[in-house]
Amino acid sequence: MSVAQTINPGVSFRSMVVKPPSHPTYDMKGVIKLALAEDAGDRGDVTCLATIPFDMEVEAHFLAKEDGIVAGISLAEMIFHEVDPSLKVEWSQKDGDYVQKGLQFGKVSGQAHNIVVAERVVLNFMQRMSGIATLTKTMADAAHPACILETRKTAPGLRLVDKWAVLIGGGRNHRMGLFDMVMIKDNHISIAGGIINAIKSVDQYLEQQNLQMEVEVETRTLEEVDEVLRYTSQTKSSLTRIMLDNMVIPLPNGDVDVSMLKDAVEMINGRFETEASGNVTLETVHKIGQTGVTYISSGALTHSVKALDISLKIDTELALQVGRRTKRA
């Protein structure tokens with residue numbers, strides 16, 4: 001089932017300014033149900049059952065506890081709708097907007113019991129997605145004119161959610177999985193008996209299967225780049241992108257040497273898209289982006305994310321008082 005099919009067609013998610021990336025089998029509704037089920041267990045929320053009258057209605061407010069890019073607003077609406085379609089959700093911001101510490105940027109109203117049941121699942125997704133979007137925005141701005149990409153180093157089961165957050169933050173998506181792009185990496189090259197053998201095998205496979213898709217090959221030396229360029233100048237190939245792996249060299253003073261990367265880009269001279277990978281950090285990404293590479297990929301966008309602190313409070317005045325006392329609002 002596709003992502004689009006798992007989003008309830010009867011719900012109008014006006015906040016969905018950035019749609020989730022496409023995936024042929026990902027079940028977004030299933031992910032939401034799993035997250036709610038692991039929280040509810042076999043008894044449901046025993047604290048809510050003990051303390052909250054089931055017919056009580058309240059209004060709860062989303063509160064940013066630090067500066068950043070908010071993401072997961074559309075997903076939050078899906079979760080609230082899954083718990084209770086009668087809950088009313090309103091936002092003053094949208095996915096991709098900048099929020100400042102202390103800002104109330106949305107509210108949900110309806111049965112108190114159902115709001116509290118959905119609260120943690122909503123916040124877990126929003127905080128993670130907002131953390132990814134915030135880091136992506138910072139790195140995308142610094143990488144310009146190159147485009148920033150994430151990798152497949154995502155949380156298991158949350159591949160699409162993590163990659164959606166990257167889009168919200170202004171990045172671009174790398175391949176979704178093993179199925180939508182050929183990516184010839186070092187292990188494939190070693191097993192195939194060399195980089196040209198690997199490219200030849202891919203070309204033959206795609207022709208035999210009558211498939212058309214992007215093909216990327218990883219290179220680690222200028223000699224490998226030259227080998228690929230010489231082969232593709234003499235033979236028709238499906239190759240579309242060359243990865244330039246670990247051609248950014250760390251220096252003892254904390255800076256990086258990008259001369260090898262720049263030489264590789266000049267050798268390729270626009271014949272293929274280029275992608276820099278390895279030693280990509282907030283401190284190095286700007287310098288890498290100035291070398292002329294098309295893309296810069298960073299696993300850190302998703303595998304080392306710091307969640308953005310967001311809360312959902314019914315008594316917002318008391319929450320703000322506590323936040324000021326603890327320097328969090």
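This one's a predicted model, so the numbers in the text were calculated from it and none came from an experiment.
- Note that CZ of Arg271 is 7.5 Å distant from CD1 of Ile242, once rounded to the nearest 0.5 Å.
- With values rounded to the nearest 0.5 angstrom, Ile69 atom CD1 is found 7.5 Å from Thr138 atom OG1.
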Using atom types as modelled, flag every donor-acceptor pair under 3.5 Å from a side chain in residues 37-45 to any protein atom, sequence neighbours excluded.
residue: Asp45; atom: OD1; partner: Thr47; partner atom: N; Å: 3.1
residue: Asp45; atom: OD1; partner: Cys48; partner atom: N; Å: 3.0

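- In terms of heavy-atom proximity, Gly131 sits nearest to Val305 at C-CG2, 3.5 Å.
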I would like to know whether Arg128 and Asn124 meet side-chain contact (heavy atoms from CB on, under 4.5 Å); could you show each step before the answer?
CA-CA 6 Å; Arg128 179 176 176 84; Asn124 283 349; over 6 Å; no

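- Atom CG of Asp226 is separated from atom OG1 of Thr219 by 11.0 Å, given to the nearest 0.5 angstrom.
- The backbone N or O of Thr274 lies less than 3.5 Å from a partner atom in the side chain of Thr294, making a donor-acceptor pair.
- Atoms CH2 and CE, on Trp164 and Met129 in that order, are 5.5 Å from each other to the nearest 0.5 Å.
- Without hydrogens or angle criteria, Arg159 side chain to Met176 main chain gives a donor-acceptor distance under 3.5 Å.
- A donor-acceptor contact shorter than 3.5 Å links the side chain of Tyr26 to the backbone of Gly157.
- Side-chain atoms of Leu312 and Val122, non-hydrogen and from C-beta on, never get closer than 4.5 Å to each other.
- Every side chain to side chain contact (heavy atoms under 4.5 Å, CB included) that Gln209 has, sequence neighbours left out, goes to Tyr205, Leu211.
- A salt bridge is absent between Glu207 and Lys236; no separation between the charged side-chain nitrogens and carboxylate oxygens falls under 4.0 Å.
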Could you walk me through whether Gln100 and Phe105 pass side-chain contact (heavy atoms from CB on, under 4.5 Å), step by step?
CA-CA 10 Å; Gln100 290 183 303; Phe105 62 90; over 6 Å; no

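- Annotation: salt bridge (charged side-chain N to carboxylate O under 4.0 Å, His left out) contacts of Asp97 (sequence neighbours excluded): Lys94.
- Take Met183 and apply the side chain to side chain contact (heavy atoms under 4.5 Å, CB included) test, not counting sequence neighbours, and it matches His174, Arg175, Lys185, Glu216, Met243.
- Judged as a side-chain hydrogen bond (donor to acceptor under 3.5 Å, both in side chains), the pairs with a partner in residues 254-270 (not counting sequence neighbours) are, in order, Asp255-Lys287, Asp257-Ser259.
- A donor-acceptor pair is defined here as one N or O able to donate and one able to accept, closer than 3.5 Å; no such pair exists between the side chain of Ser277 and the backbone of Ser297.
- Of the possible donor and acceptor atoms, one in the side chain of Asp180 sits under 3.5 Å from a partner among the backbone N and O of Gly177.
- At least one donor-acceptor pair under 3.5 Å links the side chain of Glu66 to the backbone N or O of Asp309.
- Side chain of Asp95 to backbone of Gly72: a donor-acceptor contact under 3.5 angstrom is found.
- Qualifying side chain to side chain contact (heavy atoms under 4.5 Å, CB included) partners for Ser109, counting only residues two or more places apart in sequence or in other chains: Glu59, Lys88.
- Residues Met78 and Val70 share a hydrophobic cluster, clusters being chains of Ile/Leu/Val/Met/Phe/Trp/Tyr side chains in contact below 4.5 Å.
- Contact annotation: the side chain of Thr291 never approaches that of Val248 to less than 4.5 Å [non-hydrogen atoms, C-beta and beyond].
- Applying the side-chain hydrogen bond (donor to acceptor under 3.5 Å, both in side chains) test to Ser86 and every residue at least two apart in sequence or in another chain returns Asp84.
- The shortest non-hydrogen separation linking Gln93 to Ile73 is O-CD1, 3.6 Å.
- Between Phe80 and Phe62, the angle of the ring planes goes over 60°, which puts this pair in the perpendicular group of the 30/60° scheme.
- Counting heavy atoms of neighbouring residues, nucleotides and ligands inside a 6.0 Å radius, atom NE2 of His303 exceeds 12 of them.
- Partners of Gln127 according to the side-chain hydrogen bond (donor to acceptor under 3.5 Å, both in side chains) rule, which considers only residues two or more places apart in sequence or in another chain, do not exist here.
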Going through the checks in order, is the side-chain contact (heavy atoms from CB on, under 4.5 Å) test met by Leu135 and Leu282?
CA-CA 9 Å; Leu135 179 57; Leu282 277 172; 4.0 Å; yes

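- No side-chain heavy atom of Leu301 sits less than 4.5 Å from a side-chain heavy atom of Thr151.
- In this structure, Ile79 is not a member of the same hydrophobic cluster as Ile132, with clusters built from ILVMFWY side-chain heavy atoms closer than 4.5 Å.
- In this structure the side chain of His81 never reaches within 4.5 angstrom of the side chain of Leu87, judged on heavy atoms.
- For Leu167, the side chain to side chain contact (heavy atoms under 4.5 Å, CB included) criterion is met by Val18, Pro21, Asn173, not counting sequence neighbours.
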For residues 189-198, tabulate all N or O donor-acceptor pairs below 3.5 Å that involve a side-chain atom, not counting sequence neighbours.
residue: Ser190; atom: OG; partner: Asp186; partner atom: O; Å: 3.1
residue: Asn197; atom: ND2; partner: Ala192; partner atom: O; Å: 3.4
residue: Asn197; atom: ND2; partner: Gly193; partner atom: O; Å: 3.3

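- Atom CZ of Arg172 has 12 or fewer heavy atoms from other residues, nucleotides or ligands within 6.0 Å.
- Residues Leu36 and Glu82 have side chains in contact (heavy-atom distance under 4.5 Å, counting atoms from C-beta outward).
- Residues Thr136 and Gly171 come closest through the heavy atom pair CG2-N, 3.4 Å.
- For Asn210, the CG atom sits in a loose shell: 12 or fewer heavy atoms of surrounding residues, nucleotides or ligands are nearer than 6.0 Å.
- Under the 4.5 Å side-chain heavy-atom criterion for ILVMFWY residues, no single connected hydrophobic cluster contains both Leu149 and Val285.
- A donor-acceptor pair is defined here as one N or O able to donate and one able to accept, closer than 3.5 Å; such a pair exists between the side chain of Thr232 and the backbone of Leu229.
- Note on residues 110-130: pairs passing ring-ring contact (aromatic ring centres under 6.0 Å, His included), not counting sequence neighbours, are Phe54-His113.
- Under the 4.5 Å side-chain heavy-atom criterion for Ile, Leu, Val, Met, Phe, Trp and Tyr, Tyr295 and Val182 are members of distinct hydrophobic clusters.
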Determine, step by step, whether Glu150 and Asp162 satisfy the side-chain contact (heavy atoms from CB on, under 4.5 Å) criterion, reporting the C-alpha distance in whole Å, the side-chain angles of both residues, the deciding distance to 0.1 Å, and the verdict.
CA-CA 9 Å; Glu150 84 296 88; Asp162 284 359; over 6 Å; no

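- Taken from CG in Leu261 to CD in Gln290, the straight-line distance is 11.5 Å, to the nearest 0.5 Å.
- One finds the CG atom of Leu239 at 4.5 Å from the CZ atom of Phe272 (value rounded to the nearest 0.5 Å).
- Checked against salt bridge (charged side-chain N to carboxylate O under 4.0 Å, His left out), Arg120 has no partners two or more places apart in sequence or in another chain.
- Atom CD of Gln212 has 12 or fewer heavy atoms from other residues, nucleotides or ligands within 6.0 Å.
- Using modelled atom types, no side-chain atom of Ser311 and backbone atom of Lys313 make a donor-acceptor pair closer than 3.5 Å.
- Of all heavy-atom pairs between Leu244 and Val225, the closest is CD2-CG2, 3.9 Å.
- Listed here is the closest heavy atom pair of Ala71 and Ile168: CB-CG2, 3.7 Å.
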